[in-house]
Amino acid sequence: MADSGPPPNFIRDIIEKDLKDNKNEGRVHTRFPPEPNGYLHIGHAKSICLNFGLAAEYRGLCNLRFDDTNPSKEEVEYVESIKYDVRWLGFDWENREYYASDYFEQLYQYAIQLIKGGKAYVCSLSADEIREYRGTLTEPGKDSPYRERSIEESLDMFVCMRKGEFPDGSHVLRAKIDMASPNLNMRDPVIYRIMKASHHRTGDKWCIYPMYDFAHGLSDSIEGITHSICTLEFEDHRPLYDWFLDQLDVFHSQQIEFARLNLGYTVMSKRKLLGLVEEGFMTGWDDPRMPTISGLRRRGYTPESIRDFCERIGVAKKESTVDITLLEHCLREDLNQRAPRVMAVLRPLRLVIDNYPERKMEELDAVNNPEDSSMGSRKIPFSRVLYIEREDFREIPPKKWFRLSPGSEVRLKHAYYITCGDVVKENQTGEIIELHCTYDPESRGGWTKDERKVKGTLHWVSAAHSLKTEVRLYDHLFSKADPDNVEEGSDFKTFLNPNSSETLTSCRIEQSLKNAKPGSRYQFMRQGYFCVDSVDSSHDTLVFNRTATLRDTWAKIEKAQKKTEK
RNA sequence: UGGGGUGUAGCCAAGCGGUAAGGCAGCGGCCUUUGGAGCCGCCAUUCGGAGGUUCGAAUCCUCCCGCCCCAGCCA
C-alpha cells in the first residue's frame, strides 16, 4: 500500500470505488462553485483544495463555476476577488471558467420541459401563503390551489413571467413533488422567481431567475461534473438534486457532502464577515485579522501554508472546529525554511557602548537563514549607539533570566559580548531611557577563544544605521474561542477582541530592509514572522504586519513562575 | 414530538471483525550565536452509554443519550 500521499478520507473512498466500477468512464470531474456575494475565506480554501486536489490526484478536471443566480446580492468585485484568490492559492481552472448564468437559457428550457411533463406549475400564492401551505417540521403541508393549473396555462404564464409581464413576487414556478414529504425541500419547492433586477453578467436580459436547487444540479449535469462536493447543510437537498436530474433524464452527477471548516477565535460566515466590514469594525475584507484569503494574504500567510493546513485538517462529516494553532504551525513551518532572518527592534531602548570608539562603524557578517545556507549572508552595521528591545532588559532579573541586567553579560547577535553598567533613568518618572555597557573586542562575531558561556543572545540595530518603521501586531479577532456561541439577545460582536490590533510606530529595522518589497516576508529574529504591508507601506516608511509570533519559551517560564508564586 | 446527519485524547483525524495510526496543543529532556528551529521521550487498557452476537467488537445487531442541520420567492 502507498504509505505516502494525502491521507484517506471518505470522498476518496467513493471516488476509488467509482473508478473501480468504471462509473463515468473513469472520469473525475469536480467544481468549485462560489456565489460571488462576498470574499473567499479559509473555509472556502478547504473546499478549493479538496475539489482541485481531488481532480489533480485522479487526473481529472476541476471547474471554477460562479453560482450567480441571485443578482440582488452578487457583484463583479466579488468575482474578480474570487478568481484572484483561487489563483493565488495555486490552482488553475484553465479555460473552464463558468457561470450558472451561462446556462440561463438552457435552464429555462429544462423548466419548460418540466411544465410540459406535468412536473412543475406556476403558483400564484404570495410568499406568506406559500410558507403557510408548506406546513411545519412535524405537520405535512397542503396543496396549493394552483397545483392543478393546466399545463397549458402554466406554460403560458411562465412564458409571460419571462417576458416581464408580471410584477416581482406575483408568481413562481414550482416543482410538483409532494406536499406531505417529511423533507421540507420536497414540498413543491420554488424553482423560478420573478426578480426585476439587473444581473452583473446578463444585465436586464432576464427578470426571472432560477433557484439554487434547480440551477446547481443542472449546471453540474451540463458540465459533466462527476462528483459534486458541497457542505453538510445540503444533505437534505440531495433528494431534490437527484429528483431534477431524474425527471429531466440528464447526466447524473453525484452530490457528496462534507463538514465545513470552523476555526477557533474567528467567525466563518460570509454574512458576519460582511457585517464586520460594513459596520467599520474591520478596515476591509483584507483586514489582516480577517479569516478571508485576502486578509490572510495581507497578514503574511503563504499559499503553501494554507494548502498544507487544508490537507492536515482532513475531510469528514463530523462538525468540527479546528484549533487556530494548527494554522499558525503550518505557517511557521513554511516560513522557518524560507523567510530571511533580519533584526528589528519593536520597542527601542537606547544602549551606548562606552568603550567603543565614537566615530567607528564596522560591518559584521550575518547569515540570512541558518536553515538554508544557499540564502547567503549580508553585512550589518555596528556602532557605539544601538537600540535593543526594551523587554530584553530587567533591572531586577527574575530567576532563569538570561537576558540583560546590571552586571550581566549577553551576546549581541552576530556582533559582540556586552556587559551592562549604568542604567540612566528619567528624573520624574523613573523610566529607563538609556543603558551604558562595555563590549569585549575579543568577542567579534559573537564568540570568544576562551569559549566562556554566554547564554543570552539579543537582537539589536545600530541607532544611526537603522530605519524607522511601523509595525502592527495582531492577535485573535475574538477573545472567545467560539464567538458564534452567543446567548439570546446578545451578539457575536460583543466578543471582538479589543486587543486584536496594536500599532507600534517607533520601531527600528536594519537598513538592509530599505527596499523590501510589499508582501515580502521576514523573520524578525526572536520575535516572529512579519510581512511588508502592501496597502499602507510608503517610500518613506515601511509598514510591517506580524503574521505569527515565534514560540516564546521565556514567556512560558515566566508564566509558570508567576503561577507557583501564587 | 417529522426528516436528515454525527459522536475515537484538549483540538483535528485514521481505522472498515484480529486486539487504538498520525498531526496540533501540552508536558519532560537534549542541543542551540534566535529562550527560534531541530532532536528524544511522555500523553486513549479504550472508541457517547447499556445490552447482545463472536474465540475475538471502535468496527456487526438492539435500545438509549448528546450534538448539528431543515419550515428563503438565499446559496
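- A58(B) and U53(B) are spaced 16 Å apart, taking the C1' atom of each and rounding to whole Å.
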Base-pair map of RNA chain B as dot-bracket, where | denotes pairing with a different strand and pairs are Watson-Crick or G-U under 3.5 Å: .(((((((.[[[..)..(...]]].(((((.......))))).....[[[[[..)....]]]]])))))).....
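- When heavy atoms are screened at a 4.0 angstrom cut-off, N70(A) is found touching the sugar-phosphate backbone but no base atom.
- Residue side chain E371(A) reaches the base of G36(B) through a donor-acceptor N/O pair under 3.5 Å, judged by distance alone.
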Polar atom pairs (N or O), protein with nucleotides 65-67 of chain B, under 3.5 Å:
none

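- Side-chain to base pairing of Q523(A) with U34(B): one donor and one acceptor N or O lie within less than 3.5 Å of each other.
- Listed nucleotides: G10(B), C70(B), C74(B). Nearest to the side chain of L184(A): C70(B).
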Polar pairs (N or O, both sides) under 3.5 Å between protein and nucleotides 26-31 of chain B?
{"residue": "C27(B)", "atom": "OP2", "partner": "K556(A)", "partner atom": "NZ", "Å": "3.3"}

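- The glycosidic torsion of G28(B) lies more than 90° away from 0, placing the base in the anti range.
- Taken residue by residue, residues 165-183 of chain A places heavy atoms nearer than 4.0 Å to RNA chain B at G169(A), V172(A), P182(A).
- D220(A) places no side-chain N or O within donor-acceptor distance of the main-chain N or O of S253(A), the cut-off being under 3.5 Å.
- With sequence neighbours left out, the side chain to side chain contact (heavy atoms under 4.5 Å, CB included) criterion links T231(A) to E233(A), F234(A), F258(A), R260(A).
- Side-chain contact annotation: Y387(A) with R508(A), donor-acceptor N/O pair under 3.5 Å absent.
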Under 4.0 Å protein heavy-atom contacts per nucleotide of nucleotides 13-22 of chain B, with B for base, S for backbone only and - for none: SSSB------
